[in-house]
K.L.:
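Sending over a structure as structure tokens; questions will come in a sec.
Chain naming here is simple, since letters A, B, ... match the order of the sequence lines and numbering starts at 1 in each. Everything numeric in this text was worked out from a predicted model, so none of it was measured.
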There are 2 protein chains.
Amino acid sequence: MSQTVDRALSILPLLAEGPADLGQVADRLGVHKSTALRLLRTLHEHGMVYRQSDQRYRLGARLIALAQEAMENLDIREIAHPHLVRLNEQVGHTVHLAVYEEEDVLYIDKVESRYPVRMYSRIGKPVAITVAAVAKQLLADLPEAERRALADKLDYPLYTARSTPNAPAFLKELERVREQGWATDLGGHEESINCVAAPIRGADGRVVAAMSVSAPNVVVTADELLTLLPLVRRTAETISGEYSGRTPVKEVTP
Amino acid sequence: MSQTVDRALSILPLLAEGPADLGQVADRLGVHKSTALRLLRTLHEHGMVYRQSDQRYRLGARLIALAQEAMENLDIREIAHPHLVRLNEQVGHTVHLAVYEEEDVLYIDKVESRYPVRMYSRIGKPVAITVAAVAKQLLADLPEAERRALADKLDYPLYTARSTPNAPAFLKELERVREQGWATDLGGHEESINCVAAPIRGADGRVVAAMSVSAPNVVVTADELLTLLPLVRRTAETISGEYSGRTPVKEVTP
DNA sequence: ATGGACGTTGCAGAGAGTGCAACCGACCTG
DNA sequence: CAGGTCGGTTGCACTCTCTGCAACGTCCAT
């Protein structure tokens, strides 16, 4: 809608790939160097990009700090956190909280496994959308049309032999998740890692977030992990209650 | 430098404070509603802001994902990580890695304590710049003029009785850190938490990052923590060597 | 020296962004 | 249910801002 801002913002994902110099930025934007320079300068003033010692640009600290604030302000995160911790204390495995937002699924909270073998993931990191249990859980709740459109648009990388192979399979899986009210990922992302996920719903019944418990095969088998499902669902249910205001929470004097 | 982009970027920190509606954004920017609308639309297209169900805007998922990528691409982080993990295995306490960048100090990596009592901090979070050991370590290396200018500009919140109270005290402290080559925070941020930090230097000798070990009083006393100093410094030294290319690291075929 | 690569600056022209005013729809209120 | 208000949205004419160009400066390698 706004050309200048559009161009400036296009620089960011470009720099996210790695540092680039003025010429490279100008080329990839398809604008004159002087134009790119002015845009970069403005981004720089706001701390969104940083000029490293070799004069090349990379993403800046303010961007990271902003993202941090953005996450801390998500109230679902605040409400869910203590419950995630408690669940982690009970089961010992890694617990994740994720949200869906306009074609992205992001982990927004994580409590680390107490076992030495841990799963790699990071808060803020986009989730493997076609296979992760939380992603399935979140997408399963989209309106039919949106779900189909998204499924068609996605890539289906074969992380493992059990990864979701294509759109029809994905849609079928989402349908199942929708009906049963929980989701799994059994080695679809990493051969040896299984997850079970449950939905967190707002007052209107829509899924606002999803949480999951993940554990590697070497610690518990998939079957053993599934026995935790009732506990996971109950936790999600508790969080839903608190989030939607059904459960009275302690008042905070302003 | 570029008015439009400048305005658009100014919206982000504003939304970081919490969700806002169109009118509020327009007011705080000092522009007409229609202008604010167009800016927000552009930001929205890039996923930098998100329109929640009550029509208000908040920061979007793409911003968080971008920041994530930005951090993963910091090569100091990549190099340091295994060493931080190893140190954590040896001492058990929380290990942090932080960088300074244009008036911000950020944690860019963290390995959690293995003790149940943990320190609150988060990757990407701006550090308490006037008291944290890593912050002192990083600022101590700034050129004299810049250090003074920054010290004057900062606020000196009294987190505890031992917090750095003002600019002169801070500068004196930085001077000491500079000379001794390590830094501490003994209850200056949180009454019961102590940290020791050491610098990581690039090939030119400049400090590029700082690392620290933090532990609460209830686990080890400040004196006990200080006995770990040689180990911390040695680790920092090893990372410096690898980062500056003095230590040959395994080649990666392109 | 000399050429090239890269970043930077000043300028004039034009295209993009701006504010205005009117519109729309939702929501209250009398 | 008419009338008011409030918030978001749209079309338009004006003009201010951004753009690309060309020239310049600097550094490096030849």
K.L.:
Give the nucleotide from the list C/dT8, D/dG8, C/dG17 with an atom nearest to the side chain of A/T4.
P.N.:
C/dG17
K.L.:
Nearest whole angstrom, please: distance from the P of D/dG8 to the CG of B/L22.
P.N.:
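After rounding, the gap between these two atoms is 5 Å.
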K.L.:
Below the 4.0 Å mark, does C/dG17 have OP1 or OP2 next to a side-chain nitrogen or oxygen of B/T35?
P.N.:
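So the side chain of B/T35 is outside the cut-off, no N or O lying under 4.0 Å from OP1 or OP2 of C/dG17.
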K.L.:
Can you identify which nucleotide, out of D/dA22, D/dC18, C/dA16, has its nearest atom closest to the A/Q3 side chain?
P.N.:
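Output: C/dA16.
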K.L.:
Rounded to the nearest Å, what distance is computed from the CG atom of residue A/D27 to the C1' atom of nucleotide C/dA5?
P.N.:
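My rounded result for the distance is 13 Å.
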K.L.:
How many whole angstroms separate atom NE2 of B/H32 from atom C1' of D/dG7?
P.N.:
13 Å
K.L.:
How many angstroms lie between atom OG of A/S10 and atom NE2 of B/H46, to the nearest 0.5 angstrom?
P.N.:
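Going from OG on A/S10 over to NE2 on B/H46, the span is 4.0 Å.
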K.L.:
At less than 4.0 Å, is any side-chain N or O atom of A/R41 found next to OP1 or OP2 of C/dT9? Yes or no.
P.N.:
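Yes, because at least one side-chain N or O of A/R41 sits under 4.0 Å from OP1 or OP2 of C/dT9.
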K.L.:
Let me know the distance between CZ of A/R56 and P of C/dG7, rounded to the nearest Å.
P.N.:
11 Å
K.L.:
With nearest nucleotides of DNA chain D determined for B/Q24 and B/S2 from heavy-atom distances, which residue corresponds to the more 5′ nucleotide?
P.N.:
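Result: B/Q24.
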K.L.:
Establish, yes or no, whether a centroid distance under 6.0 Å links the rings of B/Y50 and B/Y57.
P.N.:
no
K.L.:
Report the distance from atom CG of B/L40 to atom C1' of D/dG8, rounded to the nearest whole Å.
P.N.:
12 Å
K.L.:
Tell me if the side-chain of A/S34 makes a donor-acceptor pair with the base of D/dC21, cut-off 3.5 Å, by modelled atom types.
P.N.:
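In this structure, the two groups form a donor-acceptor pair.
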K.L.:
Can you tell me which nucleotide in C/dG7, C/dG17, C/dC11 comes closest to the side chain of A/R38?
P.N.:
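Selected nucleotide (nearest to the side chain): C/dC11.
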K.L.:
From C-beta outward on A/L39, which listed nucleotide comes closest to its side chain: D/dT9, C/dT8, D/dT19?
P.N.:
D/dT19
K.L.:
Please state how far atom CG in B/D54 lies from atom C1' in D/dC6, giving the value in whole angstrom units.
P.N.:
16 Å
K.L.:
Is it the case that more than 12 heavy atoms not belonging to B/E102 sit under 6.0 Å from its CD atom?
P.N.:
yes
K.L.:
Just checking B/R7: base, sugar-phosphate only, or nothing, at a heavy-atom cut-off of under 4.0 Å?
P.N.:
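The residue B/R7 makes sugar-phosphate contact but no base contact.
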K.L.:
Any salt bridge linking B/K172 with B/E175? Criterion: basic side-chain nitrogen under 4.0 Å from a carboxylate oxygen.
P.N.:
no
K.L.:
Nearest to the side chain of B/V31, which nucleotide is it out of C/dG19, C/dG7, D/dT19?
P.N.:
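Selected nucleotide: C/dG19.
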K.L.:
In whole angstrom, give the distance that lies between atom NZ of B/K33 and atom P of D/dT9.
P.N.:
10 Å
K.L.:
Inspect the contact between B/D185 and B/K136 and indicate whether a charged nitrogen and a carboxylate oxygen are less than 4.0 angstrom apart.
P.N.:
no
K.L.:
For the pair made of CG in A/L29 and P in D/dC18, what is the distance, rounded to whole Å?
P.N.:
16 Å
